[in-house]
Undergrad: 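Handing you a structure now.
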There are 2 protein chains.
Amino acid sequence: MPDGAPVTAVEETYTISQLAEAFELTPRTIRYYEDEGLLTPRREGQQRVYTHRDWARLKLIMRGKRLGFTIAGIKDFLDLYEVGDAQVPQMRFLLNSARDRIATLEQQLRDVQQTLVDLKEIEGLVVDHLARKGALDA
Amino acid sequence: MPDGAPVTAVEETYTISQLAEAFELTPRTIRYYEDEGLLTPRREGQQRVYTHRDWARLKLIMRGKRLGFTIAGIKDFLDLYEVGDAQVPQMRFLLNSARDRIATLEQQLRDVQQTLVDLKEIEGLVVDHLARKGALDA
DNA sequence: CTCTCACTTTACGTTTACGTAAACGTAAGG
DNA sequence: CCTTACGTTTACGTAAACGTAAAGTGAGAG
């Protein structure tokens with residue numbers, strides 16, 4: 001076994017455009033996320049090499065975007081997943097960040113639920129109105 | 001009873017800065033929403049006069065913002081509440097809009113719930129870590 | 001060797017959602 | 001009459017999140 005050989009199987013990697021296609025983003029966007037510190041792919045020559053770790057982070061990024069978070073906010077959020085090596089003061093900070101975010105998410109949860117109630121009521125009204133006009137086909 | 005006298009009690013009105021303070025916005029922002037067609041206050045001379053209807057719409061606007069909608073998206077959403085006088089083709093359009101929005105909101109609901117699960121797990125890990133270090137005071 | 005293709009960097013452009021400054025109107029108070 | 005307070009319009013400025021064009025690099029095909 002040659003020195004420095006990988007212990008685990010060779011990890012699967014992705015190019016930037018593979019990631020772009022998978023997540024329906026442009027390479028530009030993915031590079032932008034790197035500029036903002038959300039991704040840190042290694043380089044092979046000058047080319048970026050992404051691993052399944054970047055894949056996972058991109059999934060979290062997309063979820064954050066669907067939730068309306070800013071890129072900076074998503075970065076903070078991603079940092080929460082990197083708890084391993086933190087010291088106690090940093091830990092306290094992370095804990096507060098996590099709890100803040102939980103609070104706003106619980107507000108968002110209520111907002112979504114209420115909006116769904118509203119919209120379904122509207123939907124009912126419209127369907128009703130169309131029914132009275134006998135225009136409910138299609 | 002004089003001609004043209006209001007049947008109901010005189011409706012309560014608000015100035016732009018009253019609204020601004022109540023919703024923690026700037027007057028600039030409220031005028032911007034008017035430019036974008038989200039609010040249409042009547043004028044008294046050159047001053048804007050807002051009613052409780054504008055108040056209600058602003059509440060919906062703020063909720064939309066918390067949900068990460070764009071201003072244009074919020075406008076479309078507000079239009080859904082104006083179903084009364086629509087014709088059938090317009091009704092069909094509204095129905096589709098409402099259903100589309102319901103779909104994305106249900107996705108958002110799942111996202112919020114999953115993110116809450118994630119964050120609470122992180123919170124648990126951090127609390128645990130701090131406990132082992134005996135640093136859970138304060 | 002040339003061409004193509006995918007990737008790279010640099011840098012200016014664009015949209016959204018307001019901020020901010022300038023200049024003015026108007027009613028109330030001293 | 002002057003100031004103060006609040007309102008107005010007009011218009012340029014700005015931060016965020018990319019789009020887009022220009023120009024260069026490196027590997028492989030013909």
Undergrad: Under the salt bridge (charged side-chain N to carboxylate O under 4.0 Å, His left out) rule, what pairs show up with a residue in residues 102-118 of chain B, not counting sequence neighbours?
TA: A:R63-B:D118, A:R66-B:D111, A:K120-B:E106

Undergrad: Starting at atom CD1 of B:I16, determine the distance to atom C1' of D:dT8, rounded to an integer number of angstrom.
TA: 9 Å

Undergrad: Distance from A:M91 atom CE to B:H129 atom NE2, nearest 0.5 Å?
TA: 3.5 Å

Undergrad: Give the rounded distance in Å between these two atoms: CD of B:Q47 and P of C:dC24.
TA: 19 Å

Undergrad: Rounded to the nearest angstrom, tell me the gap between atom CG in A:L19 and atom P in C:dT8.
TA: 11 Å

Undergrad: A:Q46: which residues meet the side-chain contact (heavy atoms from CB on, under 4.5 Å) condition with it, sequence neighbours left out?
TA: none

Undergrad: Can you list every pair that meets ring-ring contact (aromatic ring centres under 6.0 Å, His included) and has a residue in residues 16-43 of chain B, with sequence neighbours left out?
TA: B:F23-B:W55

Undergrad: Is there any ring-ring contact (aromatic ring centres under 6.0 Å, His included) pair reaching into residues 81-125 of chain A, and which pairs are they, with sequence neighbours excluded?
TA: A:F77-A:Y81

Undergrad: Looking at B:I61, B:I30, B:I16, which hits side chain to side chain contact (heavy atoms under 4.5 Å, CB included) with B:L25?
TA: B:I30

Undergrad: List for me each residue that meets side-chain contact (heavy atoms from CB on, under 4.5 Å) alongside B:R99, sequence neighbours excluded, and say none if there are none.
TA: A:E123, A:V127, B:L95

Undergrad: Quick one: which residue pairs count as a ring-ring contact (aromatic ring centres under 6.0 Å, His included) with a foot in residues 97-121 of chain A, not counting sequence neighbours?
TA: none

Undergrad: Can you tell me how far apart OG (A:S97) and CD1 (B:I122) are? Round to the nearest 0.5 Å.
TA: 10.5 Å

Undergrad: For nucleotides 19-29 of chain D, read 5' to 3', which letter fits each nucleotide if B means a protein heavy atom sits under 4.0 Å from the base, S means only the sugar-phosphate is that close, and - means neither?
TA: BB---BB----

Undergrad: For B:R132, is there an ion pair with B:D128 - N to carboxylate O distance below 4.0 angstrom?
TA: yes

Undergrad: Salt bridge between A:R43 and A:E34, side-chain N to carboxylate O under 4.0 Å?
TA: yes

Undergrad: Mind checking what makes side-chain contact (heavy atoms from CB on, under 4.5 Å) contact with A:Q87, not counting sequence neighbours?
TA: A:P89

Undergrad: Contact list please: residues 71-79 of chain A against DNA chain D, heavy atoms, distance less than 4.0 Å, in numerical order.
TA: A:I71

Undergrad: A:E21: what forms a side-chain contact (heavy atoms from CB on, under 4.5 Å) with it, not counting sequence neighbours?
TA: none

Undergrad: Please list, in numerical order, the residues of residues 30-44 of chain B that have a heavy atom closer than 4.0 Å to any atom of DNA chain D.
TA: B:R31, B:R43

Undergrad: Under a 4.0 Å heavy-atom cut-off, which of residues 49-70 of chain A touch DNA chain D?
TA: A:K65, A:T70

